[in-house]
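Step one of this worksheet: look at the structure below.
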Amino acid sequence: MTFKHNFKKVLSATAFAAALVVAPAANVSAATNDASSTQQSATATSQDQQASQDQAASQSSAANQSSSTSTSSATSTSTVKKVAKKTTKKKATKKAKKTSKKSTKKTTKKTTKAATAAVTASADQSQATDQQDDAAKKAAEAAAKKAAAAKKAAAKKKAAAKKKAAAKKAAAKKKAAARKKAAAKKKAAQKSAEKTAKYWIAMRESGGYYTARNGSCYGRYQLLISYLGGDLSKKNQERTADRYVYGRYGSWVNAKRFWLAHNWY
């Protein structure tokens, strides 16, 4: 009963299969012994009992082996599961690391590419800005140069106009001075001519004497005594003679010309 209880308790599906294999083998052995010798029935019986005991022992051993196998199998399965789990975990970790590394590498590459593009764009923008600044600077310089040239041209034009005006003014002044000089020279010449003609007439009329007398004519220029108004002085004779000549002939030169034509004036 104890053996059967233990057998039922321990026996698994594998142990039960092993028992089924062992039992027919014992039966075959017993049948063979019965066929060989009838005389050995007691012995066979004894052998059967022995076989039963051996079978029981075998079954116990098989049960123990099955139990051990089950335990070993369970342990092995647990170990395999642990190893498989560890391997899976390791593979997963490795895969995760690989994926993470790949993702990091891809992200780094993408980031580097973006940074390079940004740097290139910044450099292009900086270059464009520099070009714009250079263009603006050149335009400002050109405008300043043009303004300076225009200012210089205006100053030059103004200076030329001023110089021209000054030259014109100087020319006008010079011309006026020349006219004045000419007029003065002419006047001087006329004065000299007048003086010469007056002296010439005085010498022809009285020889130059203020007291010369010829009938009703008296003095340096032989004027009628009535012209002198009773004042026979040199000053009055000069003043009266000038008044007479300028009033009648316009000048002593004209009076001389008349005298030369008529022998009197």
Side-chain angles (χ1 to χ4, degrees), residues 119-210 212 217-224 226-229 231-265:
V119 170
T120 304
S122 179
D124 292 340
Q125 187 176 1
S126 178
Q127 187 176 2
T129 304
D130 291 340
Q131 289 178 353
Q132 290 178 355
D133 291 341
D134 290 339
K137 189 176 180 180
K138 287 181 179 180
E141 288 177 354
K145 193 174 181 181
K146 190 175 181 180
K151 189 176 181 180
K152 189 176 180 180
K156 191 174 181 181
K157 189 176 181 181
K158 188 177 180 180
K162 191 176 181 180
K163 188 176 181 181
K164 189 177 180 180
K168 191 175 180 180
K169 188 177 180 180
K173 192 175 181 180
K174 188 176 181 181
K175 194 174 181 180
R179 284 198 302 267
K180 189 176 181 180
K181 187 176 181 181
K185 188 175 181 181
K186 186 179 179 180
K187 189 176 181 180
Q190 287 176 353
K191 189 176 181 179
S192 178
E194 288 290 296
K195 188 176 181 180
T196 301
K198 187 178 181 179
Y199 178 78
W200 186 87
I201 289 175
M203 293 305 291
R204 295 294 183 278
E205 291 292 329
S206 63
Y209 292 100
Y210 285 98
C217 295
Y218 182 83
R220 183 179 175 87
Y221 302 99
Q222 291 298 295
L223 298 172
L224 294 173
S226 60
Y227 287 170
L228 295 173
D231 186 359
L232 303 178
S233 64
K234 294 179 181 181
K235 187 175 182 180
N236 189 44
Q237 287 184 38
E238 293 289 339
R239 184 169 55 245
T240 301
D242 286 337
R243 186 167 59 247
Y244 168 75
V245 169
Y246 285 116
R248 185 169 182 174
Y249 301 105
S251 65
W252 283 100
V253 174
N254 292 335
K256 179 184 177 181
R257 192 176 293 117
F258 185 87
W259 198 100
L260 288 170
H262 301 90
N263 206 26
W264 63 275
Y265 77 105

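Sequence positions, counted from 1, serve as the residue numbers for this chain. The basis for the numbers below is simple: all heavy atoms, side chains too, and nothing from hydrogens, waters or symmetry mates.
Under the 4.5 Å side-chain criterion, counting only non-hydrogen atoms from C-beta, Lys198 is in contact with Glu238. In this structure the side chain of Asn236 reaches within 4.5 angstrom of the side chain of Arg239, judged on heavy atoms. Gln237 is listed as a side-chain neighbour of Leu228, based on a closest heavy-atom distance under 4.5 Å.
We find the CZ-NZ distance between Arg179 and Lys186 to be 13.5 Å, quoted to the nearest 0.5 Å. The CD atom of Gln131 sits 9.5 Å away from atom NZ of Lys138, with the distance rounded to the nearest 0.5 Å. How far CG of Asn254 is from CD of Glu194: 7.5 Å, rounded to the nearest 0.5 Å. How far NZ of Lys168 is from NZ of Lys175: 11.0 Å, rounded to the nearest 0.5 Å. From Lys180, atom NZ reaches atom NZ of Lys187 across 10.5 Å, with rounding to the nearest 0.5 Å. The structure places SG of Cys217 at 7.5 Å from CG of Leu223, a figure rounded to the nearest 0.5 Å.
Of the possible polar contacts, none joining the Ser192 side chain to the Ala188 backbone as a donor-acceptor pair under 3.5 Å is found. Judged purely by atom type and a 3.5 angstrom limit, Arg220 uses its side chain to pair as donor or acceptor with the backbone of Gly208.
Listed by chain and residue number, Ser206, Tyr209, Gln222 satisfy the side-chain contact (heavy atoms from CB on, under 4.5 Å) test with Ala212 (two or more places apart in sequence, or in another chain). Partners of Arg204 by side-chain contact (heavy atoms from CB on, under 4.5 Å), not counting sequence neighbours, listed by chain and number: Trp200, Trp259. For Ser233, the side-chain hydrogen bond (donor to acceptor under 3.5 Å, both in side chains) test picks out Asp231, with sequence neighbours left out.
Between Tyr249 and Tyr265, the angle of the ring planes lies from 30° to 60°, which puts this pair in the tilted group.
Of the candidates Tyr244, Trp252, Tyr210, Tyr221 forms a ring-ring contact (aromatic ring centres under 6.0 Å, His included) with just one, namely Trp252.
Residues Thr240 and Tyr227 approach most closely at CG2-O, 3.6 Å, considering heavy atoms. For the residue pair Val245 and Ser251, the shortest heavy atom distance occurs at CG1-O, 3.3 Å.
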